[in-house]
Amino acid sequence: MRVKSNQEMLTIVHTNDLHSHFEAMPRIAQMIQDERHSTTEHMLVFDIGDHMDRMALETEGSKGQANIDVMNLMNYDAVTIGNNEGLTFTAEMLEQAYAGLTCPVVCCNIHEAHTELPPLWMNRHVLLQKGSIRFGVIGATAPYPDFYDLLGWTVLDPLESIRSQVEQIRSEVDLIVILSHLGLPTDKELAMHVPGIDLILGGHTHHLLEKSLVVGETTLAAAEKFGHYLGKVILQKNNLTGQAYIVSGQSIPVVAGPEDILVKQSIAMHREQAMVQMNHTVAITNHVLSIDYNVESPFPNLLAQAVRRFTQSEISLVNSGQLLGELHQGDITERDLHALCPSPINPCRMYLKGEDILYSLEQSLLPEFTQKVIYGFGFRGKVLGGIAVDGIEVLYDPLAPPYERILEVSLQGVPLQKEKEYIVGTLDMFTFGIGYERLKQGTQREYILPEFLRDLLRLELQIPGAVEASYLERWIPKNKCEFM
């Protein structure tokens with residue numbers, strides 16, 4: 001691009017929602033390096049959150065340090081946090097990880113509950129200057145107050161928090177950039193209702209803007225997820241008038257090509273260290289726990305037992321799709337449980353009516369649910385799978401019409417009553433209406449953090465007789481019952 005002599009040019013490169021897809025990072029790092037070499041003047045690099053995902057062995061084994069090292073090697077100028085950082089790491093883990101980051105973390109709508117201030121490693125905004133162009137960079141992340149409260153954070157309204165920061169720094173800068181891990185609908189709302197914002201770099205909802213979108217006087221850009229794209233925005237400043245403005249924005253597909261060797265080596269080192277770190281034995285079993293997403297099987301039953309015991313509930317309902325394979329017999333390591341149950345999902349305790357339980361169990365007998373592909377809300381499996389239960393016995397007729405197959409559900413020998421509320425242990429993702437949607441009807445919800453499902457499995461495996469109990473049938477087909 002040819003620039004007039006009175007024009008100063010700057011390139012912004014941005015990533016979002018990488019979710020620890022380390023396989024994409026060496027290529028992205030090289031693309032950023034190439035962009036630096038080809039840019040005639042100035043460049044800034046930002047990440048918009050959810051860089052860390054504890055599904056990845058490298059992230060889990062290093063408590064996020066693998067991601068920090070990669071970000072340092074890629075020379076980011078500022079990053080914000082996503083819900084995968086804020087909700088799946090404890091405050092202590094985040095402080096330890098971000099202590100090694102060489103660029104600022106910006107997020108204006110998260111405070112420590114005990115101080116009502118951001119932690120020391122977090123800034124509400126930062127001021128950056130490249131050449132004569134002055135930037136105000138503000139970050140914000142998706143608000144999940146029920147979860148953040150349990151981890152010791154106070155989450156603030158992101159629009160009002162951003163508005164306050166914009167008003168504070170607008171007169172000091174040429175351009176205001178929002179690192180928004182809020183999602184496209186909120187980004188559009190920001191653009192329409194918060195004046196003074198020049199550019200919103202978005203994430204969280206994994207939306208792809210192949211070309212930048214202009215809403216009012218604000219430009220929006222976003223680069224989908226998992227390192228499939230690299231975002232690029234071109235800006236200019238007229239040095240005669242002092243006006244800075246956005247020229248264009250696009251998302252560039254990340255295709256095969258040269259990779260940054262230092263980033264690749266760093267990732268390999270962290271993977272090797274994680275494999276050693278997580279190779280210690282946490283349980284021993286003499287049984288193979290198989291898994292089937294369409295019918296009852298022992299490994300999902302063990303998970304249902306673990307959730308009911310941990311949440312101290314009458315009944316537990318979990319989906320078998322949380323588990324990615326069978327559990328072998330012999331020594332079980334932390335790495336085994338991480339590989340088989342990688343989702344950063346937490347248990348939840350709530351009150352749920354019998355009619356909602358029955359309806360969900362009916363759905364669990366239909367292939368359109370057991371084979372349903374699910375994305376987001378912490379789920380890292382492939383398909384939803386059926387419902388595994390503990391605390392109840394389900395008599396059903398597999399040959400009856402859909403939604404008429406459940407003949408009776410009993411709790412300690414007493415039939416379930418449709419209008420009665422029961423204490424149910426389940427998973428946080430269900431409360432968002434994901435998968436078995438009637439499970440979101442639960443009331444008096446108690447989210448339990450920071451334990452993940454794999455932590456509960458580890459505890460359950462250490463209880464004498466728990467593995468043997470997982471072989472006991474909860475789902476009894478009618479034809480089998482007739483011969484009992």
Side-chain angles (χ1 to χ4, degrees), residues 1 10-39 43-53 55-56 58-59 67 70-71 73-85 103 137 139-142 177-188 190-191 198-215 218-235 246-260 263-264 267 373 375-376 380:
M1 177 183 295
L10 183 138
T11 300
I12 291 178
V13 173
H14 56 100
T15 57
N16 64 276
D17 297 281
L18 291 178
H19 284 277
S20 288
H21 278 257
F22 288 102
E23 72 281 359
M25 294 180 193
R27 176 60 185 144
I28 292 172
Q30 187 59 54
M31 291 173 68
I32 292 174
Q33 284 279 57
D34 294 344
E35 193 65 45
R36 287 187 195 279
H37 294 150
S38 65
T39 298
M43 182 167 160
L44 288 169
V45 185
F46 298 125
D47 183 77
I48 323 301
D50 277 4
H51 193 288
M52 302 181 192
D53 194 314
M55 175 184 177
E58 297 89 341
T59 300
N67 302 75
V70 168
M71 284 194 275
L73 289 169
M74 292 169 69
N75 293 308
Y76 282 92
D77 291 280
V79 304
T80 194
I81 67 167
N83 47 289
N84 264 266
E85 287 92 2
C103 74
V137 181
T141 196
V177 180
I178 309 297
L179 309 185
S180 167
H181 196 84
L182 299 171
L184 184 57
T186 305
D187 290 348
K188 290 179 177 179
L190 264 175
D198 298 288
L199 175 63
I200 299 174
L201 304 177
H204 183 52
T205 48
H206 299 178
H207 50 288
L208 173 64
L209 297 178
E210 294 183 86
K211 299 292 182 183
S212 56
L213 174 68
V214 177
V215 177
T218 303
T219 300
L220 278 60
E224 207 216 41
K225 62 179 179 180
F226 302 166
H228 296 157
Y229 293 85
L230 180 66
K232 179 180 176 180
V233 178
I234 304 295
L235 305 98
I246 296 159
V247 177
S248 64
Q250 63 178 314
S251 291
I252 304 167
V254 176
V255 297
E259 298 181 335
D260 186 291
V263 170
K264 195 169 185 176
I267 294 167
V373 177
Y375 298 102
R380 303 293 184 261

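In this chain, residues are counted from 1 in sequence order.
- Residues meeting the side chain to side chain donor-acceptor pair (under 3.5 Å) test with Asp53, sequence neighbours left out: His19, Arg380.
- Contact record, Ala29 with Asp260: CB-CB, 3.6 Å, taken as the closest heavy-atom pair.
- Within the 4.5 Å cutoff, the side chain of Leu209 has heavy atoms near those of the Leu220 side chain.
- Inter-residue side-chain proximity for Asp50 and Lys225 is flagged as unmet; no heavy-atom pair is nearer than 4.5 Å.
- In this structure the side chain of Arg27 reaches within 4.5 angstrom of the side chain of Pro258, judged on heavy atoms.
- Here Leu184 contributes atom CG and Leu190 contributes atom CG; the two are 11.0 Å apart, rounded to the nearest 0.5 Å.
- Judged purely by atom type and a 3.5 angstrom limit, Asp77 has no side-chain atom pairing as donor or acceptor with the backbone of Phe46.
- Side-chain contact annotation: Ser20 with Thr59, donor-acceptor N/O pair under 3.5 Å present.
- Taking the side chain as every heavy atom from C-beta outward, Val247 and Leu235 never approach each other to under 4.5 Å.
- Shortest non-hydrogen contact noted between Ser212 and Ser248 is OG-C, 4.2 Å.
- Val137 approaches Ala78 most closely through the heavy-atom pair CG1-CB, 4.5 Å.
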Margin query: Using the rule given for side chain to side chain contact (heavy atoms under 4.5 Å, CB included), can you reason through Glu35 versus Lys232, listing the C-alpha separation, both sets of side-chain angles and the distance that settles it, and then say yes or no?
Written below: CA-CA 10 Å; Glu35 193 65 45; Lys232 179 180 176 180; 3.0 Å; yes
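- When every heavy atom of Thr205 is checked against every heavy atom of Gly183, the shortest pair comes out as OG1-CA, 3.3 Å.
- Considering CD1 of Ile28 and CD1 of Ile252, their distance stands at 11.0 Å, rounded to 0.5 Å.
- Taking the side chain as every heavy atom from C-beta outward, His14 and Val233 approach each other to under 4.5 Å.
- Judged purely by distance below 3.5 Å, without hydrogens or angles, the side chains of Tyr76 and Thr15 pair a donor atom with an acceptor atom.
- One distance of note links CG of Leu44 with SG of Cys103; it measures 11.0 Å at 0.5 Å rounding.
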Next item on the list: Show the numbers, then the answer: is there a side chain to side chain contact (heavy atoms under 4.5 Å, CB included) between Met43 and Ile32?
Entry: CA-CA 10 Å; Met43 182 167 160; Ile32 292 174; 3.7 Å; yes
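- The neighbour count for Glu23 CD, taken as heavy atoms of other residues, nucleotides or ligands under 6.0 Å away, is above 12.
- Side-chain contact between Met74 and Val263 is present, with at least one heavy-atom pair separated by less than 4.5 Å.
- In terms of heavy-atom proximity, Leu182 sits nearest to Asp187 at CB-OD1, 4.1 Å.
- Without hydrogens or angle criteria, Glu85 side chain to Met52 main chain gives a donor-acceptor distance under 3.5 Å.
- Side chains of Asn83 and His181: a donor on one and an acceptor on the other come within 3.5 Å.
- His228 places none of its side-chain heavy atoms less than 4.5 Å from the side chain of Val254.
- With a 6.0 Å cutoff to the six-membered ring centre and a 45° limit on the axis angle, Lys264 does not count as a cation-pi contact of Phe22.
- Of the inter-residue distances, the one linking Phe226 atom CZ with Asp17 atom CG reads 8.0 Å to the nearest 0.5 angstrom.
- By the 4.5 Å heavy-atom criterion applied to side chains, Leu201 and Leu199 are counted as neighbours.
- With Thr141 contributing its side chain and Ile81 its backbone, the two residues share a donor-acceptor pair below 3.5 Å.
- Across all non-hydrogen atoms, the minimal contact from Ser251 to Ala222 is OG-O, 2.8 Å.
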